[in-house]
Amino acid sequence: MNKPDTYITTSIPYVNAAPHVGFALELVQTDAYARHFRLLGRNVRFQCGTDDNSLKNVRSAEAAGLPVADFVNANADRFERLGTRLDISNDEFVRTSRDPRHLPCVHALWNACADNGDLYRKAYEGLYCVGCEQFYEAAELVDGRCPEHGVSLELVKEENWFFRLSRHGDRILQLIESGELTIVPAHRRNEVLALLRRGLEDISVSRSAERARGWGVPVPDGDEVVYVWFDALANYLSGLGYGSDPTLFKRYWTGGGQRIHVVGKGISKFHAIYWPAILLSAGLPPPSSISVHGYVTVDGRKIGKSTGNGIDPDGIIDAYGTPDALRYYLLRHIRSGDDGDFSGERLEAAWSGELGGQLGNLANRVLALLASSLGGVVPPLQESDFVREATRLPGKVAAAFDAYELHVGLADIFAFIGEANRRFAKRAPWADAKALLGDLTPEERQATVDRLGACLAEQVYGLAVVARCLLPFLPRSASVLHERLGIEVPEVYGASLVVDGVRTASDAVLFPRRVVA
């Protein structure tokens with residue numbers, strides 16, 4: 001955790017349709033980690049992108065009656081724009097069909113595997129799922145259908161290039177068991193280990209140009225197209241310049257830092273088995289960590305671009321006027337490594353009841369009382385059990401990040417906010433503020449001012465700690481709260497947090513109630 005350089009990526013989604021809230025989950029999880037790592041003082045490289053070369057995209061373009069390039073570009077634009085709208089802080093966005101670094105990267109990776117003797121020709125016949133972009137054995141099917149998409153598979157007969165996946169199974173098993181390659185949560189790690197212990201079959205890594213409709217990365221010196229997963233996984237290196245300009249690659253992939261992928265459970269096998277095997281074959285380090293999230297569901301059913309139950313994240317952002325409503329719901333109310341259901345009613349309850357009713361209401365009351373009674377200037381902070389509890393909160397949140405339990409980190413933050421609200425109500429500082437308007441002896445007035453000041457100072461300090469802890473989760477709202485508290489947004493967590501004598505502002509309302517027509 002003390003390595004200075006950290007490379008973190010989302011997976012790259014197919015662009016066969018517009019993005020839905022399921023991929024937004026992966027974006028905000030990865031962004032929270034990237035922001036957290038930066039606040040720890042690390043040098044972070046954060047990459048997103050789109051998988052443009054899927055046969056799935058080609059079929060969807062044909063169904064829409066559009067040229068593939070036009071169809072892919074339009075949907076890729078929407079994915080890239082979603083990242084902007086969600087305040088995703090990525091440094092790079094790789095589109096595999098048009099990034100000039102991608103083709104030389106795929107070819108360099110292919111040639112490295114070939115030089116190692118891991119590519120060979122083989123005639124093959126198998127059942128293929130276009131949605132998964134993979135062949136299945138009959139024993140893997142559910143009622144003769146794809147276990148992931150529930151559709152019938154296509155029978156494909158081709159002579160393809162094959163990759164010797166079986167050659168690398170023992171080494172990958174060793175990497176995972178030793179912890180050199182970590183997979184979280186534990187049950188996803190166990191699934192991968194079970195696949196490895198059963199033994200691996202070699203995989204096809206090319207397809208005919210005819211079946212691919214000529215779309216994709218061509219095989220070096222051949223007339224076929226590179227298998228989309230070999231092509232897509234290479235994006236993690238192409239964005240770093242592997243095969244073109246290796247400056248970033250040497251720093252963030254082979255320089256000894258962390259290499260982290262955040263992916264959905266449906267593609268964990270490709271990232272935890274195929275990808276390390278390809279890298280080992282090419283003589284490159286494997287990822288150091290793979291974090292696997294679950295699916296976002298609606299009424300218990302997986303959201304999919306092609307299933308007709310997708311939730312439009314753009315519409316949610318428009319409705320709330322900020323991405324933080326959706327970010328909060330996905331990060332707190334969906335367990336980081338498991339499936340979680342989406343509900344518009346629960347989203348509204350989280351916004352109005354938790355963000356607005358607990359945090360926003362507390363900040364508004366504290367700052368308004370401070371402004372009316374003490375001119376908005378924070379009195380000296382005094383030690384108390386509450387202040388000590390506040391100082392422990394960042395450690396709890398950091399532990400949640402370490403455990404890939406972002407939902408727990410947010411739960412800890414809001415448990416503290418709940419305690420702050422209870423303490424504020426119990427101490428009833430408004431009674432002291434009211435008393436200051438009456439006739440008091442000098443001694444009584446000073447005691448009242450001291451008591452009121454101590455209460456408000458500790459509440460401001462608690463809110464300042466909360467604001468700092470929320471920066472990875474809700475960067476926009478956390479920045480506004482910093483501004484209202486009169487403190488600067490820190491570059492690192494360890495920056496001193498002083499509230500004594502700070503001038504606060506009580507004008508803006510955090511998390512205002514929505515007016516629904």
Side-chain angles (χ1 to χ4, degrees), residues 1-2 29 32-42 184 324 327-328 331-333 335-337 350 354-355 357-363 365-367 370 378-427 429 451 453-475 477-482 484-502 504 510:
M1 297 301 290
N2 295 318
Q29 278 195 5
Y33 270 98
R35 292 176 181 276
H36 173 66
F37 291 146
R38 292 189 193 106
L39 285 162
L40 288 173
R42 300 189 197 176
V184 291
D324 283 355
R327 287 181 67 113
Y328 177 76
L331 291 170
R332 183 179 183 192
H333 290 285
R335 296 173 62 88
S336 299
E354 296 166 22
L355 290 172
Q358 296 180 39
L359 175 55
N361 186 51
L362 177 64
R365 295 170 73 196
V366 169
L367 295 179
L370 187 62
V378 183
L381 181 66
Q382 300 176 14
E383 274 295 316
S384 67
D385 289 343
F386 178 78
V387 169
R388 285 186 285 273
E389 183 62 26
T391 61
R392 288 191 286 268
L393 182 60
K396 293 181 179 180
V397 176
F401 273 98
D402 289 344
Y404 187 46
E405 293 182 333
L406 304 186
H407 57 288
V408 172
L410 276 169
D412 286 337
I413 292 170
F414 275 80
F416 174 78
I417 293 169
E419 176 57 31
N421 271 294
R422 287 188 290 273
R423 185 174 177 88
F424 190 67
K426 183 177 181 180
R427 298 191 69 172
R451 189 167 55 248
C455 175
L456 293 178
E458 70 174 16
Q459 287 290 336
V460 170
Y461 181 76
L463 287 168
V465 172
V466 166
R468 184 165 290 189
C469 289
L470 284 176
L471 281 169
F473 301 102
L474 308 178
S477 298
S479 295
V480 171
L481 184 53
H482 275 82
R484 290 188 62 191
L485 294 171
I487 56 177
E488 293 186 0
V489 176
E491 293 186 2
V492 294
Y493 286 129
S496 61
L497 183 54
V498 177
V499 297
D500 293 20
V502 166
T504 62
L510 282 170

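Checked against side-chain contact (heavy atoms from CB on, under 4.5 Å), S336 has the following partners two or more places apart in sequence or in another chain: Q29, Y404, L406, H407. Residues passing the side-chain contact (heavy atoms from CB on, under 4.5 Å) test with Q358, sequence neighbours excluded: E354, F414, I417, N421.
Between E389 and K396 a salt bridge is recorded (basic side-chain N to carboxylate O distance below 4.0 Å). Between E458 and R427 there is a salt bridge, since a side-chain N of the basic residue sits under 4.0 Å from a carboxylate O of the acidic one.
Here the closest non-hydrogen pair linking F473 and F401 is CZ-CE1, 3.5 Å. G462 and F416 make their closest contact through O-CE2, 3.7 Å (heavy atoms, listed as atom of the first residue, atom of the second, distance). Residues P394 and A390 share a closest heavy-atom pair of CD-O, 3.4 Å. Shortest non-hydrogen contact noted between R327 and P472 is NH2-O, 3.1 Å. Closest of all the heavy-atom pairs between G409 and V397 is O-CG2, 3.9 Å. Here the closest heavy-atom approach between residue A363 and residue L510 is recorded as CB-CD1, 4.0 Å.
Considering only heavy atoms from C-beta on, C455 comes within 4.5 Å of F424 through its side chain. Counting only heavy atoms from C-beta outward, the side chains of L456 and L367 never approach each other to under 4.5 Å. Counting only heavy atoms from C-beta outward, the side chains of L474 and L355 approach each other to under 4.5 Å. The side-chain heavy atoms of R423 and Q459, taken from C-beta on, include a pair separated by under 4.5 Å. Looking at C469 and L410, their side chains never come closer than 4.5 Å, going by heavy atoms from C-beta outward. Residues T504 and V366 are not in side-chain contact: their nearest non-hydrogen atoms beyond the backbone lie 4.5 Å or more apart.
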Next item on the list: Under the side-chain contact (heavy atoms from CB on, under 4.5 Å) rule, what do V460 and V502 come out as? Steps first, then yes or no, please.
Entry: CA-CA 10 Å; V460 170; V502 166; over 6 Å; no

Margin query: Assess the residue pair L471 and H482 against the criterion (side-chain contact (heavy atoms from CB on, under 4.5 Å)); give the C-alpha distance rounded to whole Å, side-chain angles, the decisive distance to 0.1 Å, and a yes or no.
Written below: CA-CA 10 Å; L471 281 169; H482 275 82; 3.9 Å; yes

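With hydrogens and angles disregarded, a donor-acceptor distance shorter than 3.5 Å links the side chain of D500 to the backbone of L381.
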Side-chain polar contacts of residues 485-493 - donor-acceptor pairs under 3.5 angstrom, sequence neighbours left out - could you list them?
residue : atom : partner : partner atom : Å
Y493    : OH   : H36     : ND1          : 2.8

